[in-house]
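In what follows, a single structure is set out as structure tokens and then discussed.
To find a chain, count down the sequence lines: A is the first, B the second, and so on, and within it residues start at 1. None of these values were measured; they are calculated from a predicted model.
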Protein chains: 2
Amino acid sequence: MMGNVCLPAGMPERELEQIDLLVKERVRLKKGDLLYRQEESLDALFGLRTGSVKTQLEDASGQVQITGFFLPGEVIGLDGMLDSLHASNAVAMEDSEVCVVKLEDIDEVSRYAPSLQGQVRRIMSKEISRSHQVLLALGSMRSEARLAAFLINLSQRLSALGYSSTDFVMRMSREEIGNYLGLTLETVSRLFSRFARDGLIRVSQREVRILDLDALKQLAGQVS
Amino acid sequence: MMGNVCLPAGMPERELEQIDLLVKERVRLKKGDLLYRQEESLDALFGLRTGSVKTQLEDASGQVQITGFFLPGEVIGLDGMLDSLHASNAVAMEDSEVCVVKLEDIDEVSRYAPSLQGQVRRIMSKEISRSHQVLLALGSMRSEARLAAFLINLSQRLSALGYSSTDFVMRMSREEIGNYLGLTLETVSRLFSRFARDGLIRVSQREVRILDLDALKQLAGQVS
DNA sequence: CGTCGAATTGACTATTATCAAACTAAGTGG
DNA sequence: CCACTTAGTTTGATAATAGTCAATTCGACG
């Protein structure tokens, strides 16, 4: 069975354990590939197995807003079920692999495995909470707090996957970080430099080492 | 049966039609009452029947961020299902009434009415899309575009409920609008004054009349 | 070694926040 | 009925923050 290999190693929560049984297909993506396109019809969810993916909205005037960065173990494609059309573009930020879970299979199987419904609800609810957290950041934090919160969040998610929480490589460019956080790429770059100068992090291109997590949390308004 | 009276008149989509059958209880709220509190355990969803409700996150440092304004026909309580704890506070902005739908009843009933699952997914997905839209606004629009988009959105939702799309009363204060849009109350007030001076709207306290929707859409970056 | 995309840094500007004062509308109690 | 609150709003003056434009620099790769 192909399912079990689709659970990323080190995934902390067992949310996906049943959904994983539904995986009948996997898709490989190369850097820059689109997993799906805005307005395209939606009939499946995607569990990210390896790599990283971003989702972004594009409005009528071509304005782009990144709405999420996804790491292995996370589920992509939860928006757009309202009218079965994807509400965003999903782009691979590096070579990646996703597991495909057909919606009809979820419906089918959950008839005799009722707890599956709860799993799906929880996954969707998590995505809602996540975006509300980002709203909190964009709505009420200053630039340095946003970036600090971003780094802390990334650190935590990577650590949950079994990677180091202090040393990691960011898969996204300064521009993408800025877009996500509602800042310009220059502001993001300056903030990285400042954090480094103040001894909070070491940073070289996309490699980051967190030196003073407490100070970062302080900046992010999270009492440590 | 108490269900059918819980569908707000004029609700355009029939999303709630089956869920409505599950309503066994209704709750009346007075202005300022909390429907639920952050961290409280979650075992039901709430369909707003009359009135208006806001949801807000509160972080460790007491910082508050309003994450949504809800109108009749909309569903409250979709976040927090991850660990069955509400992730936000829900506060009535005026005297309101909600229909209570127990999660266990949803699970129970959806066993012999499978399409119910799709309904729930669609409602949750809509909430995800909604917050992504707000992310777009906070992340990439300037203050005037945010407020214009806010007014357009409110107008559309009220019109879908059968109210005038051009004349309405905002239930929220300048401060609440500002908090939601990531602006200060002074900036919001100045923008209202400017929009009025430029002939886009008439505004007196919380009463608004939209005079030039096309110009508003232009400001919001929505091609009309 | 040269090219190209990404990142850094600087100088300057625009936008929005902050602080402060005055005004309004809707009560409340004498 | 009329001061007198009070919460909400408006407006102004000033300051802080982040954006824009522009010039280098860095690193990866052919």
Touch class at under 4.0 angstrom, heavy-atom based, for B:Gly182 against every strand present: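 Sugar-phosphate contact only - B:Gly182 comes under 4.0 Å of backbone atoms but never of a base.
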
Sugar-phosphate only, base, or nothing, as touched by B:Thr184 at under 4.0 Å among non-hydrogen atoms: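 Contact class for B:Thr184: base.
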
A:Arg190 vs A:Gln205, nearer the 5' end of DNA chain D by closest nucleotide: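 Comparing both residues, the 5'-ward one is A:Arg190.
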
A:Val188 or B:Val203, whichever maps to the more 5' nucleotide of DNA chain D: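 Going by which nucleotide is closer to the 5' end, it is B:Val203.
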
Rounded to 10 degrees, the angle between the two terminal axes of the helix from C:dC1-D:dG30 to C:dG30-D:dC1, each from five pairs: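 Axis-to-axis angle, ends of the helix: 30°.
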
Whole-Å distance separating the [atom1] atom of [X] from the [atom2] atom of [N]:
X: A:Lys31; N: D:dC29; atom1: NZ; atom2: P; answer: 9 Å
X: A:Arg194; N: C:dT9; atom1: CZ; atom2: P; answer: 13 Å
X: B:Leu183; N: D:dT9; atom1: CG; atom2: C1'; answer: 16 Å
X: A:Met141; N: D:dA18; atom1: CE; atom2: C1'; answer: 17 Å
X: A:Leu185; N: D:dC26; atom1: CG; atom2: C1'; answer: 15 Å
X: A:Glu176; N: C:dG5; atom1: CD; atom2: P; answer: 15 Å
X: B:Phe192; N: D:dT10; atom1: CZ; atom2: C1'; answer: 13 Å
X: A:Asn179; N: D:dG19; atom1: CG; atom2: P; answer: 12 Å

Partner of A:Glu176 under side-chain hydrogen bond (donor to acceptor under 3.5 Å, both in side chains), chosen from A:Gln56, A:Lys54, A:Arg171: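 That would be A:Lys54; it is the only one of A:Gln56, A:Lys54, A:Arg171 passing the side-chain hydrogen bond (donor to acceptor under 3.5 Å, both in side chains) with A:Glu176.
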
Measure across [X] and [Y] and return the closest heavy-atom pair with its distance rounded to 0.1 Å.
X: A:Ile177; Y: A:Met170; result: CD1-SD, 4.0 Å
X: B:Gly77; Y: B:Leu42; result: O-CD1, 3.7 Å
X: B:Gly199; Y: B:Asp212; result: O-CB, 4.1 Å

When you get a sec, tell me which of [options] is the closest nucleotide to the side chain of [X]?
X: B:Ser193; options: C:dT9, D:dT10, D:dA18; value: D:dT10
X: B:Arg174; options: D:dT11, D:dA18, D:dT9; value: D:dT9
X: A:Ser189; options: D:dT10, C:dT15, C:dA7; value: C:dA7
X: A:Glu186; options: C:dT9, D:dA18, C:dA17; value: C:dT9
X: B:Arg206; options: D:dT9, C:dA17, C:dA7; value: D:dT9

Phosphate OP1/OP2 of C:dT15: any B:Ser143 side-chain N/O under 4.0 Å: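 For C:dT15, OP1/OP2 do not have a side-chain N/O of B:Ser143 under 4.0 Å.
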
Residues B:Thr67 and B:Thr55: side-chain donor-acceptor under 3.5 angstrom: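 Result is yes, a qualifying pair exists.
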
4.5 Å side-chain heavy-atom contact, B:Ser155 and B:Phe168: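 They are in contact (side-chain heavy atoms under 4.5 Å apart), so the answer is yes.
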
Passing candidate, salt bridge (charged side-chain N to carboxylate O under 4.0 Å, His left out) with B:Glu74, options B:Lys126, B:Arg130, B:Arg49, B:Arg157: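 Of the listed residues B:Lys126, B:Arg130, B:Arg49, B:Arg157, the salt bridge (charged side-chain N to carboxylate O under 4.0 Å, His left out) partner of B:Glu74 is B:Arg157.
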
Validation row, ring centre B:Phe69 to ring centre B:Tyr180 under 6.0 Å: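 Yes - the distance between ring centres of B:Phe69 and B:Tyr180 falls below the 6.0 Å cut-off.
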
